[in-house]
Amino acid sequence: MSTNEQQEYDFKAIEDKWRDYWRENGFFAADEDNTEHKFYYLNMFPYPSGEMHVGHGRNWLIGDAYCRYLIMHGYNVLNPMGYDAFGLPAENAAIDNKTHPKTWTEKNIETFRRQFRQWGVVFDWDRELATCDPEYYRWNQWLFIQLYQRGLAYRKAAVVNWCPGCDTVLANEQVVDGACERCSSEVEKRDLTQWFFKITDYADELLNDLDKLENWPDRVKLMQANWIGRSEGASIRFKLDGFDDEIEVFTTRPDTIFGATFMVLAPEHPLVEKIASAEHKEAVDAYVNQARAESEIKRMRADRDKTGEFIGAYALNPLNGRKVPIWIADYVLMGYGTGAIMAVPGHDQRDFEFARKFGLEVIPVIQPENEPINGPSMEAAYLGEGVMANSVHFNGLPAGKATIHKFIEHLQEKGLGEGQVNYRLRDWLISRQRYWGTPIPMIHCETCGVHPVPEDELPVRLPEVEFLGKKGLAEIPEFYQATCPKCGGGARRDTDTMDTFVDSSWYFLRYLSSQDSNRIFDSELVNKWLPVDQYVGGIEHAILHLLYARFVTKAMRDMGLLNFDEPFARLFTQGMITHMAYRCKTHGHIGWYAVKEGDLCPYCDQPLHKEIAKMSKSRKNVVSPDEILNDYGADTERLYTLFMGPPEREIEWNAEGVRGSYRFLKRLWTIFNEHAAVATAGKGQTVSAGQLSADDKKLWNKLHQTIDSINRDFVQFKFNTVVSALMELTNTLTDYLGNVKKPSAALLNQALESMITMLSPICPFIGEELWRVLGHETSVLKADWPKADPEGLKLDEVDIVVQINGVVREVLSVPAAMAVDRGALEQKALAQEGVQRRIEGKTIRKIIVVPNRLVNIVAA
RNA sequence: GCGAGGGUGGCGAAAUUGGCAGACGCGCUAGACUUAGGAUCUAGUCCCGCAAGGGGUGGGGGUUCGAGUCCCCCCUCUCGCACCA
């Protein structure tokens, strides 16, 4: 224990002292008009879900440290904060707690603000927004109307994913393995008329522009590309035998058309009912009903047996008139292509399995060079190279791209089909049937049809009803009873609310004008500040949010609201913080704090199932920052969070590790306070190599190496190595102070000032405090960021490794001049006694000299 | 099945991008100071070996004076997509 009261590291007092300082002094308020050195930093805004845990902390601490770094480099930083405040969890929690979602959300937002303040995380708070605020969602509605007027929002009857747990429709993207992403209920299918955004109009651009995003992780771009799923092929029309209708199919292999021995329609295909023969009707209906009733989970299993039913109708191959049977099968999906395929069992494994199961003919139309294949004896579809066969005048052509084009040309000439590009991406289903979301601003009139709510009547507010539980707007007459804007007669409001991904698809634009009640945003400002220079968020948003935001940006550009194509110039995806989760077979999840010794259930002493998992309330494995903040302080949590590992990686929280970071801060505190007097005496003096002792020089070199490496690492988000570099420097400094009788005041001042400056973005509280201890009166945010002095990087002595046959045998410390002199190095290495001993009697074959590094003597 | 990214001490991880593997931190061991305290300080801590020395970055091969890093094959883990025609 220190005898001097003043020298205790009293983090509580320090943190209380500085907590409000940065905000009050406007360090984080962006200067809107000065865009010369602007930097728009943005973390994905949070869903206010209760209390934040240390895992959430990681996002904000990365952002806060990075922004402080930028501010210290003279950037005019915009780092705003908002809340993605609509959504089902609010409703569900509100139901559980018998409060209104609004009350629940507001309380959580208040908690978040308090936690940010405790962490020392500062934003440009004047721009704060919440998507559940009518002043925000009115622009959601306005945007909807603009999209509607451009044909980008439309209504269509569709088989939709219905979550029985949430009582609402889900977008395809929200269905994971056939279950609801949120509540894990098994998703059902229902026919409903729903609102869609026509994102498919932008499929090509969304795909192609990924190439522009040089500073996005490849992984994310790849995931998006896969999601969009472009494939080139042809659409071909097959005439029906005995009907006027045609079946249109999409295929990527039009070259295999002569091998099409049957057709398969999706069970939901509209033609099925019409063309199925009376004889097969019953079986067909049964199959269709079964397919519809079957859950996505079962139907989507790729490895399950093929099922299907012949419908008693035939199609005619457009190129040779061959009559082929039409089947229905659930392996053909209504949602992709046209919901119908020409089946080529010879060259498609799925069709092959189906043909074998139902005894359908297999005709190969591509023959491999060596061993010819034939339909009856094939054991799998042939997917390799070869030449066309059984394909009349195409026979003998090499299978491949060129031939595919020949087929497409041929079909096109005959008017039977054409080249076509298909996407896996579907239109974005945005309708939700719940209360806590943006009401869709449309009115349905029996006489005039569907019309937007006039813009001057926006926002269409959520009715301020007492919250009744699982109810949507369709059950609130005060809400849906309306007048038609056209005829003035009675009409009904649309009772759907929007998917919350709509809210988050443009919020980054609203920050520029969050208080503007006349327009969605100021285009001029937005064009100056966007794209976002650095966007940071979790990898879990790699597809949905980022794709939607890109789409909306492009749509707004086409409306003339924006002049850029992509919203986020640079993207960083940080990894989640995980923690051990315990589960008891009978008692469910058990909090780690309650687990009995030996990992036993506290209620029944059964051994618990253990799993390292993402922190979540439901798993009871969250670590609250409260205890750490109380025991060690915010700076310690910040330091540890950034030190524990590379920020893009998933990492397990280790409470023991926190202490090491605390120890470091304490050590630093002591060093600064003990040597502040000497250091401040050296203020204003320059440090030059000539005046330094050998010990001084060592510290000086280390200092400038550290500055150099930190400057490289900070911009790359390598905070973990920034921290370890500072720790190394501190170790060197401790050695120095222990070895030297009288430290150089100038050097010490430079070292301490540089250290605390570079640490301050990560640990801003102790940063401000120790900056004052060094005699400064203004914020450390105003300090000059240290630059590595080229002189300081020059070493007097360099360690050179001497290898014999690649094995390290000696390490020589040589003067810097010699370290770049190949001849001298070689001589010196050979002169070593240990080297002589080892090469005695051997012939030197070769000597490799790498200046500043090593000498390798190859001898045998 | 297809695609992507990983595998380095007891643990989290470093490695100037082909040049002393394990920096930094946790934990652990020993010691010092102590109203033995979950404080602080000092020393040690990849493995085998008393030592000289030898081995070592999932496994096997290769390129190279030299490989954690580059190439080929295999094992394994994580993630994304998954009957997409």
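- Here the side chain of A:Thr721 is nearest to one of B:A39, B:C79, B:A14, namely B:A14.
- Nucleotide B:C24 forms a pair with B:G12, judged by Watson-Crick or G-U wobble geometry with both contacts under 3.5 Å.
- Comparing B:C24, B:A13, B:C83 by their nearest atom to the side chain of A:Lys306 picks out B:C83.
- Annotation: cation-pi geometry not satisfied between A:Lys698 and A:Tyr736 (NZ/CZ under 6.0 angstrom from ring centroid, within 45° of ring axis).
- Using a 4.0 Å cut-off between charged nitrogen and carboxylate oxygen, A:Arg237 and A:Glu418 count as a salt-bridge pair.
- Across all strands shown, B:A43 is found opposite B:U29 as a Watson-Crick or G-U wobble partner, with both distances under 3.5 Å.
- Here A:Glu232 pairs with A:Arg230 in a salt bridge; the nearest charged N to carboxylate O distance falls below 4.0 Å.
- With A:Val723 as the fixed residue, the side chain to side chain contact (heavy atoms under 4.5 Å, CB included) test singles out one of A:Phe664, A:Tyr640, A:Phe643: A:Phe643.
- Checked against B:C24, B:A14, B:C81, the side chain of A:Ile543 finds its nearest nucleotide in B:C81.
- The side chain of A:Ser231 approaches B:A85 more closely than any other nucleotide in the set B:C24, B:A85, B:G3.
- Taking 3.5 Å as the limit, the base of B:G19 and the side chain of A:Gln803 contain a donor-acceptor pair of atoms between them.
- Nucleotide B:G9 carries a syn base; the chi torsion (O4'-C1'-N9-C4 or O4'-C1'-N1-C2) is within 90° of 0.
- If you check B:A85, B:G80, B:G66 against the side chain of A:Asn856, the one that comes closest is B:G66.
- Taking the syn range as angles within 90° of 0, the glycosidic angle of B:A13 is outside it, so the base is anti.
- Both distances falling under 3.5 Å, in either a Watson-Crick or a G-U wobble arrangement, place B:G80 opposite B:C2.
- Residue contacts shown for A:Gly660 are limited to sugar-phosphate atoms, with no base heavy atom under 4.0 Å away.
- Listed nucleotides: B:G38, B:C65, B:U42. Nearest to the side chain of A:Arg659: B:G38.
- B:C65 is paired with B:G19 under the criterion used here, namely a Watson-Crick or G-U wobble arrangement in which both key atom distances are under 3.5 Å.
- In this structure, the nucleotide among B:C83, B:G27, B:G80 sitting nearest to the side chain of A:Tyr331 is B:C83.
- When the C1' atom is used for both B:G9 and B:A15, the distance is 15 Å, rounded to whole Å.
- Base orientation at B:U17 is syn, since its O4'-C1' glycosidic dihedral falls within 90° of 0.
- For A:Asp348, whose side chain is taken as the heavy atoms from C-beta onward, the closest listed nucleotide among B:A85, B:C81, B:A13 is B:A85.
- Comparing B:G27, B:A14, B:C24 against the side chain of A:Arg649 picks out B:A14 as the nearest.
- Distances from the side chain of A:Arg424 to the nucleotides B:C79, B:C65, B:A82 place B:A82 closest.
- Across all their heavy atoms, A:Lys787 and A:Ile707 have their closest contact at C-CG2, 3.6 Å.
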